[in-house]
Amino acid sequence: MRILLVGAGGVGSAVVPIAARRDFFEHIVVADSRQSRAADVVAKIGDARFSAVELDASDRAAVEAALTEHRCDVLFNAVDPRFTMPLFQAALNTGAHYLDMAMSLSRPHPGRPYELTGVKLGDEQFALADTWRSRDRLALVGMGVEPGLADVFARYAADHLFESIEEIGVRDGSNLVVEGYEFAPTFSIWTTIEECLNPPVVWENGEWHTTEPFSEPEVFDFPEGIGPVECVNVEHEEVLLVPRWIDAGRVTFKYGLGQEFIGVLKTLRKLGLDNADKIRVGGVEASPRDVVAASLPDPATLGDRMSGKTCAGTWVKGVGKDGGPREVYLYHVVDNEWSMREYGCQAVVWQTAVHPVVALELLATGAWTGSGVLGPEAFDAVPFLELLNAYGSPWRMRDQSREALLSA
């Protein structure tokens, strides 16, 4: 397997030290709009199986040329979702397989944005599913941690734990603290603005509908010392992926943002600083959102100032295999101290990066096979979860139905 990794930012830079410990691939070309950034990532690892090139992710022709020149049979998209479609199309045009962690962007319903869906996340990609299938090529979409591992958890629960599912709720929370900054997001602020300020999507009663941003707040008790965190509805790919393969009455995604973070996001919207379109200021053109991102610290550089844990997981409620009510939370926790010590990567970007590497290894070995545009739910969850354990970062399950019985 020869891989073109597009993006050497936070997640892309974490992919390299993770993949370097594995032997399933022949070569990984690390590409970035700044060749120096890609070169720095490659130099740190000191492994001849990696090389660095300069590449503009928005230039489809240049991406196609890079895939051809370096004989890459997989394009791994590790950049912001605004670049998803040119990369997706470049892979299709050159006959490469494709993997991303964030799907093609949505557009709100023009008249009733907080009731009806417009263009949904991934719609542009799924519209080309037949073409991918006819060419016997795979586009594995939404294969990070959330989406990604969260979807694998949903598949595992449906196959091995439940007879029928009432609700699947992805719940993300942390107790991470960044010292020395008044405001320092631990993940791409560009992507965070996109997903948090768009109308959240909910799957319910056999259809998708939208709500207002930050709706339906609930306090979720996260494991391993993180504790109770208020979570709110956020637009996320799992809600658009899970119902395509798994029968569930309701599917939601809720994120533990915190009131301060929500306040900042609301202020950015009020001021128009969430705008991703370029505007002219004097003689310069730039998008306000890009200016915000450039003004904040790079999440990849925050690891030495961070402490705490991050948790990604999938809560499932329904009828268990024994015919009785069941409620579980399948989850994955990463401690920043551990990820920095082991890989030199902060917890959030490491947790996002490890899961697509696991998926690529399963594809390389033939444990996962398929064609078309597929989400993680389309594959057997067991090989993935077993291999994740082998990577040294095990997943866990909290059986909340049994806890409820014991407390009663």
| Candidate pair His209 and Glu115, rule side chain to side chain donor-acceptor pair (under 3.5 Å), full reasoning | CA-CA 6 Å; His209 67 84; Glu115 301 172 54; over 6 Å; no
| request: Check step by step if ring-ring contact (aromatic ring centres under 6.0 Å, His included) holds for Phe253 and Trp203. | output: CA-CA 10 Å; Phe253 177 95; Trp203 170 263; over 10 Å; no
| request: Output, in order, the C-alpha distance, side-chain angles, deciding distance and verdict of side chain to side chain donor-acceptor pair (under 3.5 Å) for His332 and Gln351. | output: CA-CA 9 Å; His332 182 250; Gln351 188 182 47; 3.1 Å; yes
| message | If you apply the rule side chain to side chain contact (heavy atoms under 4.5 Å, CB included), what do you find for Phe214 with Leu265, and how did you get there? | response | CA-CA 10 Å; Phe214 317 119; Leu265 292 171; 4.1 Å; yes
| Yes or no on side chain to side chain contact (heavy atoms under 4.5 Å, CB included) for Leu385 and Leu387, after CA distance, side-chain angles and deciding distance? | CA-CA 5 Å; Leu385 296 175; Leu387 188 54; over 6 Å; no
| query | Is there a side chain to side chain donor-acceptor pair (under 3.5 Å) between Tyr255 and Glu195 once you walk through the steps? | reply | CA-CA 10 Å; Tyr255 199 179; Glu195 62 191 22; 5.2 Å; no
| request: Go through the steps to decide whether Thr369 and Leu138 satisfy the test side chain to side chain contact (heavy atoms under 4.5 Å, CB included), and finish with yes or no. | output: CA-CA 8 Å; Thr369 60; Leu138 171 65; over 6 Å; no
| task | List the steps and the verdict of side chain to side chain donor-acceptor pair (under 3.5 Å) for Ser215 and Asn233. | result | CA-CA 5 Å; Ser215 59; Asn233 277 325; 3.1 Å; yes
| message | For Glu337 and Lys309: C-alpha separation, side-chain torsions, deciding distance, then whether salt bridge (charged side-chain N to carboxylate O under 4.0 Å, His left out) applies. | response | CA-CA 8 Å; Glu337 181 183 355; Lys309 300 176 181 179; over 6 Å; no
| message | Please evaluate residues Arg269 and Asp274 with respect to the criterion salt bridge (charged side-chain N to carboxylate O under 4.0 Å, His left out), reporting the C-alpha separation (whole Å), side-chain torsions for both, the decisive distance (0.1 Å), and the verdict. | response | CA-CA 5 Å; Arg269 165 145 289 180; Asp274 63 321; 3.2 Å; yes
| task | Applying side chain to side chain contact (heavy atoms under 4.5 Å, CB included), run through Val291 and Leu273 and close with a yes or a no. | result | CA-CA 8 Å; Val291 173; Leu273 296 175; over 6 Å; no
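Classification of the Tyr331-Tyr329 ring pair by plane angle, with boundaries at 30° and 60°, yields parallel. Below 30°, between 30° and 60°, or above 60°: for Phe384 and Trp368 the angle between ring planes is below 30°, a parallel geometry.
Checked against the 6.0 Å centroid threshold, Phe25 and Phe50 count as a close aromatic pair. Aromatic pair Tyr181/Phe183: centroids not less than 6.0 angstrom apart.
Side chains of Leu4 and Val74 form no contact here, defined as non-hydrogen atoms less than 4.5 Å apart. Side-chain contact between Val53 and Val30 is absent, with no heavy-atom pair separated by less than 4.5 Å. Side chains of Pro376 and Leu241 form a contact here, defined as non-hydrogen atoms less than 4.5 Å apart. Leu257 is listed as a side-chain neighbour of Val234, based on a closest heavy-atom distance under 4.5 Å. Proximity of Ser307 to Val177: side-chain heavy atoms (C-beta onward) are separated by under 4.5 Å at one or more points. A 4.5 Å side-chain heavy-atom check between Trp245 and Phe379 finds every atom pair outside the cut-off. Between Asn77 and Leu99 the shortest side-chain heavy-atom distance does not fall below 4.5 Å.
Salt bridge absent: Glu194 and Arg82 never bring a charged side-chain N and a carboxylate O closer than 4.0 Å. Ion pairing of Arg37 with Asp32 is present here, as a side-chain N (NZ or NE/NH1/NH2) and a carboxylate O approach within less than 4.0 Å. Ion pairing between a basic and an acidic side chain is recognised when a charged N comes within 4.0 Å of a carboxylate O; Asp40 and Lys44 show no such pairing. Salt bridge status for Glu285 with Arg280: present, with a side-chain N to carboxylate O gap under 4.0 Å. A salt bridge is absent between Glu54 and Arg34: the closest approach of a Lys/Arg side-chain nitrogen to an acidic carboxylate oxygen does not fall below 4.0 angstrom. Salt-bridge annotation for Asp399 and Arg326: present, with a side-chain N of the basic residue lying under 4.0 Å from a carboxylate O of the acidic one.
Side-chain contact annotation: Tyr98 with Asp100, donor-acceptor N/O pair under 3.5 Å present. Counting only N and O atoms by type, the side chains of Thr210 and His109 include no donor and acceptor under 3.5 Å apart. Side chains of Glu230 and Gln259: a donor on one and an acceptor on the other come within 3.5 Å. Between Asn336 and Gln346, the side chains place no donor N or O within less than 3.5 Å of an acceptor N or O (distance only, hydrogens not considered). Between the side chains of Thr252 and Arg171, at least one donor N or O lies within less than 3.5 Å of an accepting N or O.
Relative to the six-membered ring of Trp132, Arg137 misses at least one condition, a distance below 6.0 Å or an angle of at most 45° to the axis. The side-chain tip of Arg21 points at the ring of Tyr343 from less than 6.0 angstrom away and within 45° of straight on.
Between the side chain of Arg305 and the backbone N or O of Glu179 there is at least one donor-acceptor pair closer than 3.5 Å. Between the side chain of Thr301 and the backbone N or O of Asp298 there is at least one donor-acceptor pair closer than 3.5 Å. Remark: side-chain polar atoms of Asp151 are paired, donor with acceptor, to backbone N or O of Gly148 under 3.5 angstrom. The backbone N or O of Cys345 lies less than 3.5 Å from a partner atom in the side chain of Ser339, making a donor-acceptor pair. The backbone N or O of Lys120 sits nowhere less than 3.5 Å from a side-chain atom of Thr117 that would complete a donor-acceptor pair. Put simply, the side chain of Arg155 gets close to the backbone of Glu377: a donor and an acceptor are under 3.5 Å apart. Side chain of Thr314 to main chain of Ala150: a donor-acceptor pair is present (N/O by atom type, distance under 3.5 Å, no hydrogens or angles).
Under a cut-off of 6.0 angstrom, the local environment of NZ in Lys321 is crowded, with over 12 non-hydrogen atoms contributed by other residues, nucleotides or ligands. The neighbour count for Asp247 CG, taken as heavy atoms of other residues, nucleotides or ligands under 6.0 Å away, does not exceed 12. Within a 6.0 Å sphere centred on NZ of Lys317, heavy atoms belonging to other residues, nucleotides or ligands number 12 at most.
Here CD1 of Ile165 is found 8.5 Å from CG of Leu161. Values are rounded to the nearest 0.5 Å. Separation of atoms CE (Met143) and CG (Leu149) is listed at 6.5 Å; rounding is to 0.5 Å. Considering CD of Glu146 and SG of Cys311, their distance stands at 8.0 Å, rounded to 0.5 Å. Between atom CG of residue Leu363 and atom OG1 of residue Thr365 there is a gap of 8.0 Å, rounded to the nearest 0.5 Å.
Screening Glu216, Glu235, Glu238 for a salt bridge (charged side-chain N to carboxylate O under 4.0 Å, His left out) involving Lys254 leaves a single residue, Glu216.
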